[in-house]
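The figures here come from the full heavy-atom set of this structure, side chains too, leaving out hydrogens, waters and symmetry mates.
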Amino acid sequence: MELKYVLRWIQLFWLLPFSIACSTQPPASEIEPSIENTTENATLQISPTPAISPVTQMSVTNASPGWNRNLTVDDVAYDLYLPPGYGSNEDDDFPCLLVLPGWDFSRSSWVENSSLVEYADRYGYALIMPEMGQTLYESAYYPETELRWNAVPGGEFVRERLIPTMQARHNLLRSGQHNTLLGLSTGGRGVALVALENPGLFVAGASVSGDFSQENTPDDRLMTAVYGSFAEYPDRWTGRDNPQSRVEEWQMPLYLAHGTADDIVPESQSQLFYQALVKTHGDRIPIRYEAIEGAGHDYAFWGGQLDEIFEFIDRDRRS
């Protein structure tokens, strides 16, 4: 056999394993894009799939350590922060904090005005920060609704769109993980409603300066803009979207705090909610309330609560 034919056969046998390996790779269109921790992903859209059942071992997907900014669920932006080394331990329970801003506050408000990221790093918590804007975490709109946060009500969006997307896209907020909630003012109300609408998913929460029994402020213009007047539609004000009226359903350990000098949301809102929870559940569910003398409705108060908040939401992980 001539030398050139021998060399040709050697070349073919050498290339065969490589060609087989290449032929088994999925086409580029089937590979999910990765998300870098920069702001260049503002237009990235990933269609979520239905919620995933719990698994024993997993990793965070479609996110990098540090900030993953300007991501979206439908047309709602969110930022995701992963602390260094997040999810690197085999027995990690993926502690995660869903952070709800106050009325018309930006999703970055907590980060810009407090030491929240430092606490997330110290305790190892991922932060999910959606742009909730002007929502009361309502479950429905009505013919009298003049204030519509988005195409779907805020509470429905969190339950039906945000949480399932976080589960499918990032493997976060899944059942069996250490999922927690934090909110201030209207976001504090959101903590209660999100916990009630997603029973068993969150293991602890913290609400500062929240409002929970809107029938006690019947002239509230925001409530009226969503539910219609209290005089005409009292059932809307005292029904599904009233956390205090649903205390018998409550399951989650909760930290409450309110400033006694709050001139935006009366301190009685947190106090009455706390009393109703304790009266209904006794000491079966850990509920803690702190009335901070002289504190107002501001980040000097809210940021100063982070020590107590993280000690509370993290205590089951350390016991």
Participant: Whether the T135 and E138 side chains hold a donor-acceptor pair (N or O, under 3.5 Å, no angle test) is what I'd like checked.
Facilitator: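 Yes, E138 and T135 have a side-chain donor paired with an acceptor closer than 3.5 Å.
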Participant: Donor-acceptor pair, N171 side chain versus V60 backbone, under 3.5 Å?
Facilitator: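 Not a single qualifying donor-acceptor pair exists.
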Participant: Looking only at atom types and distance, does a side-chain atom of R189 sit under 3.5 Å from a main-chain N or O of G210, one as donor and one as acceptor?
Facilitator: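 Judged by distance alone, no pair lies under 3.5 Å.
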Participant: Should L173 and Y137 be regarded as members of a common hydrophobic cluster, given that ILVMFWY residues are connected when their side-chain heavy atoms come within less than 4.5 Å of each other, either directly or indirectly?
Facilitator: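 Result: yes, single cluster for both.
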Participant: When you compare the side chains of S229 and E232, does any donor N or O come within less than 3.5 Å of an acceptor on the partner?
Facilitator: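 There is such a pair between these side chains.
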Participant: Would you name the heavy atoms of S270 and A257 that are closest together and state the gap between them?
Facilitator: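 Where S270 meets A257 most closely, the heavy atoms are OG-O, 4.2 Å.
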Participant: State whether a side-chain donor-acceptor pair under 3.5 Å links D314 with Y125.
Facilitator: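 Indeed, the side chains of D314 and Y125 share at least one donor-acceptor pair under 3.5 Å.
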Participant: Can you tell me if Y227 and D241 form a side-chain donor-acceptor pair at under 3.5 Å?
Facilitator: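 Looking only at side-chain atoms, D241 and Y227 do form a donor-acceptor pair, the distance falling under 3.5 Å.
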Participant: Please check: side-chain N/O of E131 versus main-chain N/O of R107, any donor-acceptor pairing under 3.5 Å?
Facilitator: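 Here the side-chain-to-backbone pair exists.
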Participant: Given side chain to side chain contact (heavy atoms under 4.5 Å, CB included), test L116 with F310 step by step and report yes or no.
Facilitator: CA-CA 10 Å; L116 180 61; F310 273 85; 3.9 Å; yes
Participant: Kindly state whether the ring of W250 and the ring of F273 have centres lying under 6.0 angstrom apart.
Facilitator: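 Yes, the ring centres sit under 6.0 Å apart.
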Participant: Can you find a pair of side-chain heavy atoms, one from Y274 and one from L254, that are under 4.5 Å apart?
Facilitator: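 Not in contact.
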Participant: For the residue pair D262 and H297, confirm or rule out a side-chain donor-acceptor distance under 3.5 Å.
Facilitator: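 Looking only at side-chain atoms, H297 and D262 do form a donor-acceptor pair, the distance falling under 3.5 Å.
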Participant: Would you mind telling me which of R240, M252, R246, Q251 makes a side-chain contact (heavy atoms from CB on, under 4.5 Å) with L196?
Facilitator: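 Only one option passes, and that is R246.
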Participant: As a quick check of understanding, evaluate side chain to side chain contact (heavy atoms under 4.5 Å, CB included) for L272 and Q244, giving each step before the final call.
Facilitator: CA-CA 8 Å; L272 290 171; Q244 188 161 315; 3.7 Å; yes
Participant: When you look at W149 and F157, which way does the ring pair (Phe, Tyr, Trp, His ring centres under 6.0 Å) test go after all the steps?
Facilitator: CA-CA 10 Å; W149 166 74; F157 168 80; 5.2 Å; yes
Participant: To the nearest 0.5 Å, how far apart are OG in S108 and CH2 in W67?
Facilitator: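 The distance works out to 8.0 Å.
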Participant: Identify the heavy atoms of G259 and E267 that sit nearest to each other, and give their distance.
Facilitator: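 That would be O-CB, 3.6 Å.
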Participant: Please determine whether residues V152 and V226 belong to a single hydrophobic cluster, defined as Ile, Leu, Val, Met, Phe, Trp and Tyr linked transitively by side-chain heavy-atom distances below 4.5 Å.
Facilitator: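 Not linked; separate clusters.
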Participant: Check whether any side-chain heavy atom of L82 sits under 4.5 Å from a side-chain heavy atom of S64, and report yes or no.
Facilitator: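 Answer no - side chains too far apart.
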Participant: Between CG of L201 and CG of L181, what distance do you get to the nearest 0.5 Å?
Facilitator: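 Here the rounded value is 8.5 Å.
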Participant: Can you see which heavy atom on V111 is nearest to which on M129, and at what distance?
Facilitator: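 It is CG2-CE, 3.5 Å.
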Participant: State, with a plain yes or no, whether a side-chain heavy atom of L182 is found less than 4.5 Å away from one of I313.
Facilitator: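 L182 does not reach I313 side chain to side chain.
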Participant: Using a strict threshold of under 4.0 Å (side-chain N to carboxylate O), is an ion pair present between E290 and R288?
Facilitator: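 Salt bridge flag = yes for E290 with R288.
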Participant: Starting from the C-alpha separation in whole Å, work towards a yes-or-no answer on side chain to side chain contact (heavy atoms under 4.5 Å, CB included) for L98 and T180.
Facilitator: CA-CA 6 Å; L98 177 57; T180 62; over 6 Å; no
Participant: Determine whether D211 and T217 make a side-chain contact, defined as any pair of heavy atoms from C-beta on separated by less than 4.5 Å.
Facilitator: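 No - every pair of side-chain heavy atoms lies 4.5 Å or more apart.
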Participant: Are any of the side-chain heavy atoms of D79 and P130 separated by less than 4.5 Å?
Facilitator: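 No, every pair of side-chain atoms sits at 4.5 Å or beyond.
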Participant: Quick check against the 3.5 Å criterion: does S209 have a side-chain atom that pairs as donor or acceptor with the backbone of L184?
Facilitator: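 No; judged by distance alone, with no hydrogens or angles, the pair does not exist.
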Participant: Hey, are R159 and E156 close enough for a salt bridge, meaning a charged N less than 4.0 Å from a carboxylate O?
Facilitator: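 Answer for the salt bridge query: no.
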Participant: Side chains of N242 and E215: is there a donor and an acceptor less than 3.5 Å apart?
Facilitator: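 Per modelled atom types, N242 and E215 side chains form a pair under 3.5 Å.
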Participant: Side chains of S109 and Y299 only: does a donor on one sit below 3.5 Å from an acceptor on the other?
Facilitator: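 A donor-acceptor contact under 3.5 Å links the two side chains.
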Participant: Below 4.5 Å, heavy atoms only, C-beta onward: do L172 and Q167 meet side chain to side chain?
Facilitator: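 A side-chain contact under 4.5 Å is absent here.
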Participant: Check whether any side-chain heavy atom of I285 lies under 4.5 Å from a side-chain heavy atom of L277, and answer yes or no.
Facilitator: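 Side-chain contact under 4.5 Å: no.
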Participant: Kindly give the heavy-atom pair with the smallest separation between A291 and T260, and that separation in Å.
Facilitator: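 Distance-wise, the nearest heavy atoms are CB-CG2, 4.3 Å.
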Participant: When you measure from the side chain of H281 to the backbone N and O of V247, does any donor-acceptor pair fall under 3.5 Å?
Facilitator: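 Looks like yes, one N/O pair under 3.5 Å.
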Participant: Does any part of the side chain of L306, heavy atoms only, come nearer than 4.5 Å to the side chain of W110, both counted from C-beta?
Facilitator: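 Yes, their side chains come closer than 4.5 Å.
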Participant: Which distance, rounded to the nearest 0.5 Å, do you find between the OH of Y289 and the CD of Q275?
Facilitator: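 Atom-to-atom, Y289:OH and Q275:CD are 9.0 Å apart.
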Participant: Please tell me whether Y78 and N70 have a donor and an acceptor in their side chains that are separated by less than 3.5 angstrom.
Facilitator: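 No pair is found: no donor N or O on one side chain lies under 3.5 Å from an acceptor on the other.
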Participant: Before giving the answer on side chain to side chain contact (heavy atoms under 4.5 Å, CB included), spell out for Q305 and Y255 the whole-Å C-alpha distance, their side-chain angles and the decisive distance to 0.1 Å.
Facilitator: CA-CA 10 Å; Q305 287 292 299; Y255 178 88; 2.4 Å; yes
Participant: What's the shortest heavy-atom distance between P101 and S106, and which atoms?
Facilitator: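 It is CB-O, 3.6 Å.
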Participant: Do the side-chain N and O atoms of E311 and Y123 include a donor-acceptor pair separated by under 3.5 angstrom?
Facilitator: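 Indeed, the side chains of E311 and Y123 share at least one donor-acceptor pair under 3.5 Å.
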Participant: Is there a donor in the side chain of D75 and an acceptor in the side chain of N150, or the other way round, less than 3.5 Å apart?
Facilitator: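 Yes, a side-chain donor-acceptor pair sits under 3.5 Å.
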Participant: How long is the span from the SG atom in C96 to the CD1 atom in I128, to the nearest 0.5 Å?
Facilitator: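 Between C96 SG and I128 CD1, I get 3.5 Å after rounding to 0.5 Å.
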Participant: Minimum heavy-atom separation for Y141 and A151, please, with both atom names.
Facilitator: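 In this case the closest contact between Y141 and A151 is CE1-O, 3.9 Å.
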Participant: Between D220 (side chain only) and M223 (backbone N and O only), is there a donor and an acceptor less than 3.5 Å apart?
Facilitator: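 Yes.
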Participant: Give a yes or no on whether a salt bridge exists between R236 and E144, defined as a side-chain N under 4.0 angstrom from a carboxylate O.
Facilitator: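 Yes.
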Participant: Dump the intermediate steps for side-chain hydrogen bond (donor to acceptor under 3.5 Å, both in side chains) on D92 and Y86, then the final yes or no.
Facilitator: CA-CA 9 Å; D92 204 325; Y86 187 78; 5.7 Å; no
Participant: Quick one: does any side-chain atom of H178 pair with a main-chain N or O of D93 as donor and acceptor, under 3.5 Å?
Facilitator: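 No, because the side chain of H178 does not come within donor-acceptor range (under 3.5 Å) of the backbone of D93.
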Participant: So, T280 side chain and E248 main chain: donor-acceptor pair closer than 3.5 Å or not?
Facilitator: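 No, T280 side chain to E248 backbone: no donor-acceptor pair under 3.5 Å.
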Participant: Let me check something: do L71 and V158 share a hydrophobic cluster, defined by ILVMFWY side-chain heavy atoms less than 4.5 Å apart, either directly or through other members?
Facilitator: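 Yes, same cluster.
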Participant: Can you confirm whether the side chains of S114 and W302 place a donor and an acceptor under 3.5 Å from each other?
Facilitator: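 Absent: no donor and acceptor within the cut-off.
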Participant: Taking a hydrophobic cluster as the set of Ile, Leu, Val, Met, Phe, Trp and Tyr residues connected by side-chain heavy atoms closer than 4.5 Å, whether directly or through intermediates, do L147 and Y142 fall within one such cluster?
Facilitator: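 Same cluster.
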Participant: Once rounded to the nearest 0.5 Å, what's the spacing between atom OG of S207 and atom CD1 of I309?
Facilitator: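 So the OG of S207 and the CD1 of I309 are separated by 9.0 Å.
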Participant: How many angstroms lie between CD in Q177 and CZ in F202, if you round to the nearest 0.5 Å?
Facilitator: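 That separation rounds to 11.0 Å.
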Participant: Under a single-linkage definition using a 4.5 Å side-chain heavy-atom cutoff for Ile, Leu, Val, Met, Phe, Trp and Tyr, are L222 and L100 assigned to the same hydrophobic cluster?
Facilitator: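 No; tracing contacts between hydrophobic side chains, which count when under 4.5 Å, never links both residues.
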Participant: Is it true that the NZ or CZ of R315 lies under 6.0 Å from the centre of F312's six-membered ring and within 45 degrees of the ring axis?
Facilitator: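 The answer is yes; both the distance and angle limits are met.
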